[in-house]
Each structure stands twice: as structure tokens, then as C-alpha cells.
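The residues of the chain are indexed from 1 along the displayed sequence. Please read all numbers here as calculations on a predicted model, not as lab measurements.
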Amino acid sequence: MDKPGTMGFRTKLFSLWRNLTYSTIGRLFLLFYILFPIILKLFPSIFLHTVFSYKYKGPAVYMRLTNPERDWNFLGASNQYITSQSGNIIGIWHVPPPNTENPSLSKAEKVIIYCHGQSGNRASGHRTLFYEVLTNLGFHVVTFDYSGFGDSTGFPNGRNVKLDTISVYAWTIEQLQKTDAIIIVWGHSLGSGIMTYALAEFSANQHIQPPHGVVLESPFTSLTEASKSSKAFKLFDIMYPLIWRRIFNSSMEKHKIEFNTLKNLPKLSSNILILHAEDDPKVNVRLSQELYDNLMSGSKTAAKSVHFYKIASKYGLGHNLVYSFKHLKDIMTDFTDVLSGKVISEKVRYQQITV
């Protein structure tokens, strides 16, 4: 039963809804149909919130960022902040391997710099489990939040996330005392697009040491192609068949968030490892296949070697669980052997394996 004072309001609301005619509903829909693309055209920054879900914080536990050793049980881990070339303050974790004699990043022999995906932060979801797997394989992990994510300041756009990635990479290089340390940059999903966009800058900058290897987990060819698999994109493509893609691509270009990995990846002079599960519901595995085929056929491909592991659907790894693949240790051991020179990369320049 309604509380006193609320009955009148609810009754009026119900009466208003009941009295809406089909004609009125049709007019409202038509108004929305006309105004929606105009709003997107006038305010293209709306797309930034669909590409970067940085406002989503998740459960409060994921905001425990300042002390990863205490709050996430990573022995010897540290939290630090640096000023990015974007002008924003970026939060970074360094997570060393367990039971290592010297947990200092300066003494690291193998380092993975991790670029996370679309939402959350460096402590969210599966990521802490992912760091645990990698550190147990002997890697030091450097993970960070782009501008606006986690406790990093500012807001994300194409320029900022690129400069943040470059800044964290440069900071990591500065920390290392071992000149022969193996450096890998790992990008997951959207992070793979951000990573290749940032690292493509290295081809024009001879003063930056490129990483020995890059790992693309569940990557895409471009953000436009990745978006086509979403239900919202398909709906708007049907509603606005002549203008939707033009509006979308224009907004991507304006904010430098095309993340055209198909174009950027051949510029990288590192060894490349692509990992993708066949049952990935968010990013179709065919996009990784297209990346690999493009690298294999491209006469201008700068990569020293390219290794593509397509993981069978029977393992049920989907979009986020590649880190739990039972053969990941073997894959990373083989890849590290290539990076360290134990295996001559020219002999295995192109390698596609379904596991």
C-alpha cells in the first residue's frame, strides 16, 4: 500500500503512461532517432566513455592499490607513482617473483610490463591472479593504470594512454641495472591496441630501446572491427545504415582511439607472441588470425619473429582466462628462449599452433 503523499504521484504517473497514444510514442521515438546522431556528432567525447570504462571501479576491494604486499599478499611488491608525459600522475605496481633473493626491480632478469584492458584497474578482476601466474614463472611484473583509471589522475584518451604507456616503459628501463634483462610488454584486449599504438612510436625514435618481445592477448585489428561484434554496434548499424560508421570512425579519429593494430603491429621490431582463445565471446579469434596473416605476408614487417597460439574452445578460457591455460608455462618458456637467443628467431620466424 502506498505511503501517504505518494499515492497521488504514482496514480498520476500511471495515468500519464496509460494515456500515451501510439502516435505520441512514435513521435518520441522519431525525436530520439533524429537527435541521437546529432548529439554524438556534437559531443564525440561520449564515445570515450564507451571505449574506456574508467568510471567503473567495481567492488571496494579493487581500490586497495597503495599496498599490494599487504592487501594482495604479493611478497616484496611495491606501489609507486610517476608523472607521465601526459602530465598526469600514474599509479604503478612492481610485483617480483616469490622467494626471489633480491626483489628489487633493478636486479630483474625478466620483466613483463602489463597493459590492462577496457575497465577496472591494476587490481581488478582476474588481474591479480594473472600476476601470480607470471611471477611464479620467474617474471617481475610492472603493471599500471592509464590516466583516469584506478588512482591515476586525469582522464583517458588516445594521446594520454599512449604517453602513459611510453612513460611507464621508459621508467622501467631506467630502473634496470642489468643491461641484458629481457623486457616484454604484454597487452590484453584494448591494452594490446594501446600497447602497439605506443610502441609504434619507437620505430621513429632511435633513443628508446624497443622491448625484446611483445605479447598480444585477445587482440583486435582495429577498434572499429572489434566493435562490430557488439550488439549495440550492430543495432545502430541497422538503425543508421548510411551514417553510423561514419560518425563512429570520425569520433575514433578525433580522439586518436582507432588503435589500428593491423597498421601498427608491422612497425614493431620485437619478437611477437599472439594468444587468443577460440571461444572468446568479446573479440573474435579471426581478428588475431588476420593480424598473423598480415604479418606473415607483409614485406615490410619489422618483427624478428611471430608466434600465434590459437587455444581450443574445449579449455573454456574465453576472454579473460588465458593466464590459466595449462600450457602457458611451456609457451612462455619457448618464447623466452627465442628472446634470449637460445633459439635463433630466423629459424622460427613464423609459427602458428592450435593448442
Side-chain angles (χ1 to χ4, degrees), residues 47-48 50-52 112-119 146 156-166 168-169 184-205 210-230 233 245 248-249 251-278 280 282-311 319-320 322 335 350-352:
F47 281 103
L48 286 175
T50 62
V51 174
F52 303 110
I112 287 179
I113 301 170
Y114 179 67
C115 303
H116 69 65
Q118 177 184 23
S119 62
Y146 317 108
N157 56 30
R159 172 187 176 274
N160 286 351
V161 298
K162 178 185 72 172
L163 293 177
D164 296 340
T165 303
I166 293 174
V168 171
Y169 180 86
I184 298 173
V185 183
W186 187 308
H188 174 234
S189 193
L190 181 64
S192 68
I194 294 171
M195 172 190 73
T196 52
Y197 178 40
L199 296 185
E201 296 279 313
F202 293 2
S203 61
N205 190 339
H212 298 87
V214 296
V215 179
L216 294 89
E217 179 192 352
S218 308
F220 47 74
T221 51
S222 70
L223 196 58
T224 299
E225 289 301 314
S227 300
K228 287 179 181 178
S229 62
S230 74
F233 190 100
R245 296 191 185 193
F248 185 85
N249 291 334
S251 299
M252 299 297 103
E253 184 177 354
K254 179 178 177 61
H255 293 286
K256 306 296 182 184
I257 52 177
E258 306 102 317
F259 300 129
N260 193 329
T261 305
L262 193 67
K263 179 181 71 175
N264 291 326
L265 195 58
K267 298 177 183 178
L268 306 192
S269 58
S270 307
N271 296 279
I272 295 171
L273 171 63
I274 301 172
L275 304 171
H276 209 138
E278 289 185 329
D280 188 331
K282 293 186 178 180
V283 181
N284 196 295
V285 70
R286 68 174 176 79
L287 299 183
S288 279
Q289 184 70 58
E290 189 174 342
L291 288 175
Y292 176 77
D293 292 343
N294 183 60
L295 289 169
M296 188 172 64
S297 62
S299 59
K300 296 183 179 179
T301 297
K304 292 182 175 67
S305 66
V306 185
H307 312 267
F308 175 29
Y309 286 86
K310 190 186 297 184
I311 305 173
H319 188 65
N320 291 328
V322 167
F335 189 55
Y350 298 110
Q351 182 183 47
Q352 177 175 337

Less than 4.5 Å apart, side chain to side chain, heavy atoms only: is that true for Ile184 and Val215? yes
Residues passing the ring-ring contact (aromatic ring centres under 6.0 Å, His included) test with Phe220, sequence neighbours excluded, are none
For residues 210-221, the salt bridge (Lys or Arg N to Asp or Glu O under 4.0 Å) pairs (sequence neighbours left out) are none
Non-hydrogen side-chain atoms of Ile194 and Cys115 separated by less than 4.5 Å:
no
- Query: Do the side chain of Ser270 and the main chain of Val214 share a donor and acceptor less than 3.5 angstrom apart?
  - Reply: no
With sequence neighbours left out, the residues meeting side chain to side chain donor-acceptor pair (under 3.5 Å) with Asp164 are Ser84, Ser86, Ser147
Of all heavy-atom pairs linking Thr301 and Leu295, the shortest is OG1-O, 3.0 Å
Sorted by chain and residue number, the ring-ring contact (aromatic ring centres under 6.0 Å, His included) partners of His319 (sequence neighbours excluded) come out as His188
Sorted by chain and residue number, the ring-ring contact (aromatic ring centres under 6.0 Å, His included) partners of Phe52 (sequence neighbours excluded) come out as none
Value for OH (Tyr114) from CE (Met195), rounded to nearest 0.5 Å, stands at 11.0 Å
Here the pair of heavy atoms bringing Gln118 nearest to Leu190 is CA-CD2, 3.8 Å
d(Ser189 OG, Lys282 NZ) to nearest 0.5 Å is 7.5 Å
Correct closest heavy-atom pair for Lys304 and Ser269 would be NZ-O, 2.7 Å
All heavy atoms of Ala277 vs all of Val285, minimum pair found to be O-CB, 4.0 Å
Less than 6.0 angstrom separating the ring centers of His116 and Tyr146, yes or no? yes
Applying side chain to side chain donor-acceptor pair (under 3.5 Å) to Thr224 and not counting sequence neighbours gives Asn249
Side chain to side chain contact (heavy atoms under 4.5 Å, CB included) filter on Glu258, not counting sequence neighbours, yields Met252, Glu253
- request: Taking the side chain as every heavy atom from C-beta outward, state whether Tyr350 and Gln352 have any pair of such atoms under 4.5 Å apart.
  value: no
Residue set satisfying side chain to side chain donor-acceptor pair (under 3.5 Å) with Thr165, at least two apart, ordered chain then number -> none
His307 meets the ring-ring contact (aromatic ring centres under 6.0 Å, His included) criterion, sequence neighbours left out, with Phe335
Do Asp293 and Phe308 have side-chain heavy atoms sitting under 4.5 Å apart? no
### Query
Under 4.5 Å between any side-chain heavy atoms of Val283 and His276, yes or no?
yes
Contacts of Thr221 meeting side chain to side chain contact (heavy atoms under 4.5 Å, CB included) (sequence neighbours excluded), chain-then-number -> Glu225, Leu262, Leu287, Glu290, Leu291
> Above 12 or not: heavy atoms from other molecules or residues under 6.0 Å from NZ of Lys310?
Replying inline: yes
Quiz prompt | Residue pair Leu216 / Ser288, side-chain heavy-atom distance below 4.5 Å | solution = no
In short, Ile274 meets Ile272 closest at the heavy-atom pair CG1-CG2, 4.0 Å
- Taking side chain as C-beta onward, heavy atoms only, is Lys162 less than 4.5 Å from Lys256? no
For Ile257 and Gly158, the nearest pair of non-hydrogen atoms, with its separation, is CG2-N, 3.5 Å
